[in-house]
Protein chains: 2
Amino acid sequence: MNIGDVADLSGLPAKTIRYYEDIGLVEPLRSANGYRSFRQSDVHKLAFLGRARALGFTIEDCRSLLKLYADTDRASAEVKQIAEEHLDRIDRKIAELTEMRATLSHLVDACAGDHRPNCPILADLAME
Amino acid sequence: MNIGDVADLSGLPAKTIRYYEDIGLVEPLRSANGYRSFRQSDVHKLAFLGRARALGFTIEDCRSLLKLYADTDRASAEVKQIAEEHLDRIDRKIAELTEMRATLSHLVDACAGDHRPNCPILADLAME
DNA sequence: ATAAGGGTTCCATTCACTGGAAGGTCAACA
DNA sequence: TGTTGACCTTCCAGTGAATGGAACCCTTAT
């Protein structure tokens, strides 16, 4: 299969698939004409990557997850640890954003948003 | 004032302050020895930037906010619009993360996390 | 004289792509 | 057979917002 078909099947842009080969996440074969030739297993791997990335795992997480997936002797504890660390990252990020949101929405509510220059948002940023 | 003092006062790393000068957010004077010489107004501006960045505004937002702050004829509506757009970005990001979190936490709960290879997390990623 | 602790510039790296240029390959159609 | 258009290839540069490091200059104290 050529890269365009794989892009359609996996939902990943061709550019991204080439990038994933670059950094060693997939190793498609090559046809005589130099085109990448993807096996069914490559397509499967790329779909796996797409879903892992959609869950926010980093590329390095994905690399580890793929390795664990390929290792039938893995301990599920290893997978779970990666996922739990990622869950923590997400929770911290949500907490950070939620705090920003609270402050910001408070300021937005306080701002008249009309033609006059007086503005509590700027006042807060300037610590006036 | 030298950059180190300003870094201490504003809470921004010296590297970041140099970067902000690079991209035209501040324009400190220079002493005879070539050192940056920060006025009170520069320090104030940098503190403003630090707070705006802490609220998650982009650098370009910060540039606009600084311009509005300097313009005593501004309409508060302009400030409010920037803040509201940012609030939307934050809300979208929180929604995205919350959805990731839900899926991921579901998978983590389903995973035994022991020495056995069976793993619902990998199974889900592989769409098995 | 020299050492410590400032400061300076410039270049490379981060993360995960994405855009674009320049060019090779292939299938279909006139 | 020629050519068009849709593929494919590689390589280089840019994104955002810094951060790390090298190599070097300035100031002050010992």
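Note on naming: letters A, B, ... go to the chains in the order of the sequence lines (proteins, then strands), and numbering restarts at 1 for each one.
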When the distance from [atom1] of [X] to [atom2] of [N] is rounded to whole Å, what number comes out?
| X | N | atom1 | atom2 | result |
| --- | --- | --- | --- | --- |
| Tyr19(A) | dT18(C) | OH | P | 10 Å |
| Arg18(B) | dT9(C) | CZ | P | 7 Å |
| Glu21(B) | dA18(D) | CD | P | 15 Å |
| Asp22(B) | dA18(D) | CG | P | 12 Å |
| Asn2(B) | dC25(D) | CG | C1' | 14 Å |
| Leu49(A) | dC17(C) | CG | P | 9 Å |
| Ile23(B) | dG16(D) | CD1 | C1' | 10 Å |

Would one find a side-chain N or O of Tyr20(B) under 4.0 angstrom from OP1 or OP2 of dA18(D)?
->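 Indeed, a polar side-chain atom of Tyr20(B) lies that close.
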Side chains of [X] and [Y] in contact at under 4.5 Å (non-hydrogen atoms):
| X | Y | result |
| --- | --- | --- |
| Leu9(A) | Phe38(A) | no |
| Asp61(A) | Thr58(A) | yes |
| Leu107(B) | Leu55(A) | yes |
| Leu125(B) | Tyr69(A) | no |
| Ile90(A) | His86(A) | yes |
| Arg36(B) | Val6(B) | no |
| Leu25(B) | Tyr19(B) | no |

Would Ile59(A) end up clustered with Ile17(A) when hydrophobic side chains under 4.5 Å apart are linked, directly or stepwise?
-> yes
Of all of residues 3-17 of chain A, which get a heavy atom below 4.0 angstrom from DNA chain C, listed by number?
->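 Pro13(A), Lys15(A), Thr16(A), in order of number.
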Check DNA chain C against residues 91-98 of chain A and give the residues with a non-hydrogen atom under 4.0 Å, in numerical order.
-> none
So, with a heavy-atom separation below 4.0 Å from DNA chain D, the residues of residues 24-43 of chain B are Asn33(B), Tyr35(B)
Please work out if Arg53(A) contacts a base, only the sugar-phosphate, or nothing of the nucleic acid, heavy-atom cut-off 4.0 Å.
-> sugar-phosphate
When we call it a touch if two heavy atoms are under 4.0 Å apart, what does Phe57(B) touch: a base, just sugar-phosphate, or nothing?
->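 Since no nucleic acid heavy atom lies under 4.0 Å of Phe57(B), the category is nothing.
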Hey, are Asp42(B) and Lys45(B) close enough for a salt bridge, meaning a charged N less than 4.0 Å from a carboxylate O?
-> no
Using 4.0 Å as the upper bound for N to carboxylate O, is an ion pair formed by Glu21(A) and Arg30(A)?
->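 Counted as a salt bridge, because a side-chain N and a carboxylate O are separated by less than 4.0 Å.
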Under the side chain to side chain contact (heavy atoms under 4.5 Å, CB included) criterion, do Val43(B) and Gln40(B) qualify, and how do the steps go?
-> CA-CA 5 Å; Val43(B) 179; Gln40(B) 208 47 52; 4.2 Å; yes
